[in-house]
Amino acid sequence: MERDKRNDLSSSRKRSFTFGAYGSVDRFTCGDETRTESAESNILDILDSPDSERKPFLSASSSSQRDTELFEIIEKLQGSRIDEQRCEFPLPLKSQFSTLGGDLPLVLPSKLGGYWIDPPLEKPVDYHHSFTAVDPSLGPLVLSVCLEDEENKLRVILRMKECSLHGVFSVSLFPNIPSAVELAKMLCDRVTVSNFDVVCYLKAPELITAFDEHRVSPNFKFGILWQKDGQFTEEDILSNNEETEEFKEFLSILGDTIQLQGFTGFRGGLDVCHGQTGNEAVFTSFQGRQIMFHVATKLPFTDGDPQQLQRKRHIGNDIVALVYQEGRPPFLSDVVKSHFLHCFLVVRRIQTGEEKGETSYQVSVTAREDVPPFGPALPDPPIFAERSLLRDFLLTKLINAEISCYKAQQFSRLELRTRSSLLESLQAELSTRSQCMMGHPSLSGVSSSEGARGASEGSGGFIENFKRAIRVRSHSFESLGVPRKIGGSAAQKSKTEKDGDSDKSPGLLPALSDSLCTTELRDQASPQEVT
């Protein structure tokens with residue numbers, strides 16, 4: 001009866017095929033139990049074997065040994081199955097997400113790659129195009145255009161001798177794609193050229209960026225004069241040699257006293273190697289800008305020289321200077337003779353309060369007539385009791401004063417002359433390099449400004465370099481034994497093979513990219529006032 005019941009149970013087993021994370025597993029299911037096929041077969045072979053094949057139970061010890069072997073087989077099969085399911089889990093993602101700001105995207109790319117994401121996480125690249133021309137009345141022109149796909153706008157910069165004009169136009173304003181001339185005339189109606197030449201020089205972005213940033217500098221240098229009571233002349237002020245504690249305290253408000261020997265920051269024209277401009281100076285950093293102060297008392301003092309040229313050659317070449325007064329001597333605006341000094345900030349220490357026991361600082365500003373006003377505005381009354389407020393005001397005022405002085409007549413003429421020269425050189429360089437790259441016959445022999453590197457790339461422009469690369473490729477096939485079809489006489493064949501042997505440089509071909517005629521577009525580069 002028991003054997004018939006066991007046979008019925010064996011025949012009622014249901015077979016299923018389950019797909020797991022590690023491939024397909026063939027299983028037998030019986031009730032709530034799930035076991036592998038190999039385990040079932042081994043156990044059933046033992047339990048369902050006929051009586052004739054069974055060994056007789058000789059004793060209780062043999063039966064116990066048989067049970068022990070059965071459980072060992074089951075444990076071994078289960079252990080191997082568990083080992084197959086083991087895997088290394090990735091590191092927790094919480095630490096990765098904590099470094100991401102804002103809203104998290106739906107999908108993050110794998111570090112190992114191999115997946116694409118739609119829509120892409122990064123914004124599409126906006127390509128920039130540049131053009132050059134020489135206007136009969138305006139002179140050299142450099143135009144940069146950028147199409148911003150997301151906002152459907154055109155961003156345009158027109159560089160002229162006087163200034164750089166910037167504009168943003170909606171694409172919907174144009175029924176057709178506008179030309180470079182149309183865009184230039186929208187920014188400046190004085191443009192009279194009929195066409196612009198496309199810039200296709202690979203290093204055009206670097207040249208244009210250098211031009212845009214020729215006036216942008218994060219560093220400033222200012223002079224500091226110490227005026228004692230009874231001093232009204234330039235010689236008297238520059239002859240002060242020793243510093244009082246009151247003057248040292250004021251210098252500590254502006255910045256730190258540093259040793260010039262081995263100084264690695266912005267030195268402002270001071271000698272940091274041989275000590276020819278003194279041993280110490282005052283230096284500070286303010287809103288990402290480095291500021292070096294030319295303190296008159298820290299510059300070299302020359303006995304017998306009433307003009308103190310060693311000091312004036314630094315302070316006299318500054319554009320803005322700060323005057324600290326001890327006592328109550330007035331400062332004359334033109335007391336220091338200099339073609340560069342255009343603005344002075346004068347600070348005096350005073351006593352305030354009911355009993356006049358509190359120390360405060362009174363500030364006044366003077367500048368030449370052609371220097372436009374600049375901020376921040378002086379408070380009413382112009383007195384500062386807190387050192388931190390005085391420091392922020394003075395440093396901000398000094399930086400804005402120098403930027404405003406650039407608009408004075410003398411500096412604006414120098415700026416116009418420098419800008420005109422740089423723009424003319426930029427336009428000529430871009431035009432020449434572009435024509436050379438396109439294989440203009442008259443410029444095929446133009447030597448590269450990069451010296452040996454340019455010579456290794458070859459001359460003759462893009463077309464000639466492309467032909468050279470094709471010849472090199474044909475020569476490579478010949479060296480591999482691949483036949484090449486050549487028409488014409490044997491002399492032509494010999495000439496072709498000679499050319500292939502002599503020109504083995506691939507030229508500019510590997511360096512080409514989709515952004516061949518693009519350039520980085522930047523706003524007009526001019527110093528920005530500090531707010």
Side-chain angles (χ1 to χ4, degrees), residues 130-144 156-167 184 187-193 196-197 199 201 203-223 266 268-269 289 294 312-321 334 336-343 367-374 398-433 449 519-529:
S130 291
F131 310 86
T132 62
V134 179
D135 191 272
S137 58
L138 299 178
L141 303 176
V142 177
L143 180 72
S144 296
V156 186
I157 291 182
L158 178 62
R159 300 169 183 86
M160 303 185 301
K161 287 184 177 180
E162 296 84 1
C163 61
S164 293
L165 301 178
H166 173 257
L187 291 178
C188 180
D189 55 3
R190 295 182 295 159
V191 174
T192 59
V193 294
F196 277 79
D197 296 329
V199 175
Y201 180 45
K203 293 189 175 181
E206 301 176 10
L207 298 178
I208 296 177
T209 301
F211 172 80
D212 288 340
E213 296 181 349
H214 78 277
R215 280 185 55 188
V216 176
S217 175
N219 307 321
F220 293 86
K221 57 186 181 70
F222 305 110
F266 173 64
R289 297 165 172 86
H294 295 157
K312 189 175 180 180
R313 76 183 185 95
H314 289 285
I315 298 178
N317 286 326
D318 294 331
I319 298 177
V320 182
D334 58 350
V336 181
K337 302 298 186 291
S338 171
H339 293 290
F340 290 93
L341 280 172
H342 275 56
C343 181
R368 296 192 182 183
E369 294 180 349
D370 55 352
V371 176
F374 51 90
L398 287 170
I399 294 175
N400 291 343
E402 180 166 324
I403 295 174
S404 184
C405 287
Y406 291 150
K407 302 174 184 178
Q409 183 178 1
Q410 180 175 351
F411 293 112
S412 62
R413 287 200 306 264
L414 294 174
E415 167 63 18
L416 178 60
R417 185 170 58 187
T418 303
R419 178 183 176 87
S420 300
S421 177
L422 292 176
L423 183 61
E424 185 176 354
S425 301
L426 174 64
Q427 188 276 331
E429 182 79 3
L430 294 177
S431 178
T432 302
R433 295 301 177 185
S449 61
T519 180
E520 184 177 357
L521 182 63
R522 294 176 180 264
D523 292 339
Q524 177 182 356
S526 60
Q528 300 296 322
E529 291 190 357

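All residue numbers in this chain count up from 1 along the given sequence. Small disclaimer: the values here were computed from a predicted structure and weren't measured.
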Open item on the list: Quiz question: by atom type and distance under 3.5 Å, do the side chains of Asp135 and Thr192 form a donor-acceptor pair?
Closed with: yes
Using the test side-chain hydrogen bond (donor to acceptor under 3.5 Å, both in side chains), find all partners of [X] that sit at least two apart in sequence or belong to another chain.
| X | result |
| --- | --- |
| Ser412 | none |
| His342 | none |
| Lys312 | Glu234 |
| Gln427 | none |

TODO: Look at the aromatic rings of Phe340 and Phe411 and report parallel, tilted or perpendicular, splitting at 30° and 60°.
DONE: tilted
TODO: Evaluate whether atom CD of Glu424 has more than 12 neighbouring non-hydrogen atoms of other residues, nucleotides or ligands under 6.0 angstrom away.
DONE: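 No, because the 6.0 Å sphere around CD of Glu424 holds 12 heavy atoms or fewer from other groups.
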Under 3.5 Å, is there a donor-acceptor pair between the side chain of [X] and the main chain of [Y]?
| X | Y | answer |
| --- | --- | --- |
| Ser144 | Ile157 | no |
| Ser420 | Leu416 | yes |
| Arg419 | Met160 | yes |
| His294 | Gly269 | no |

Open item on the list: Rounded to the nearest 0.5 Å, what separates atom CG in Leu430 from atom CD1 in Ile208?
Closed with: 5.5 Å
TODO: Could you tell me the separation between the CZ atom of Arg413 and the CD atom of Gln409, rounded to the nearest 0.5 Å?
DONE: 4.5 Å
Task: Residues which pass salt bridge (charged side-chain N to carboxylate O under 4.0 Å, His left out) with Glu415, listed by chain and number, not counting sequence neighbours - done: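 In terms of salt bridge (charged side-chain N to carboxylate O under 4.0 Å, His left out), with neighbours along the sequence ignored, Glu415 is linked to Arg215.
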Task: Partners passing salt bridge (charged side-chain N to carboxylate O under 4.0 Å, His left out) against Lys161 (at least two apart in sequence or in another chain) - done: none
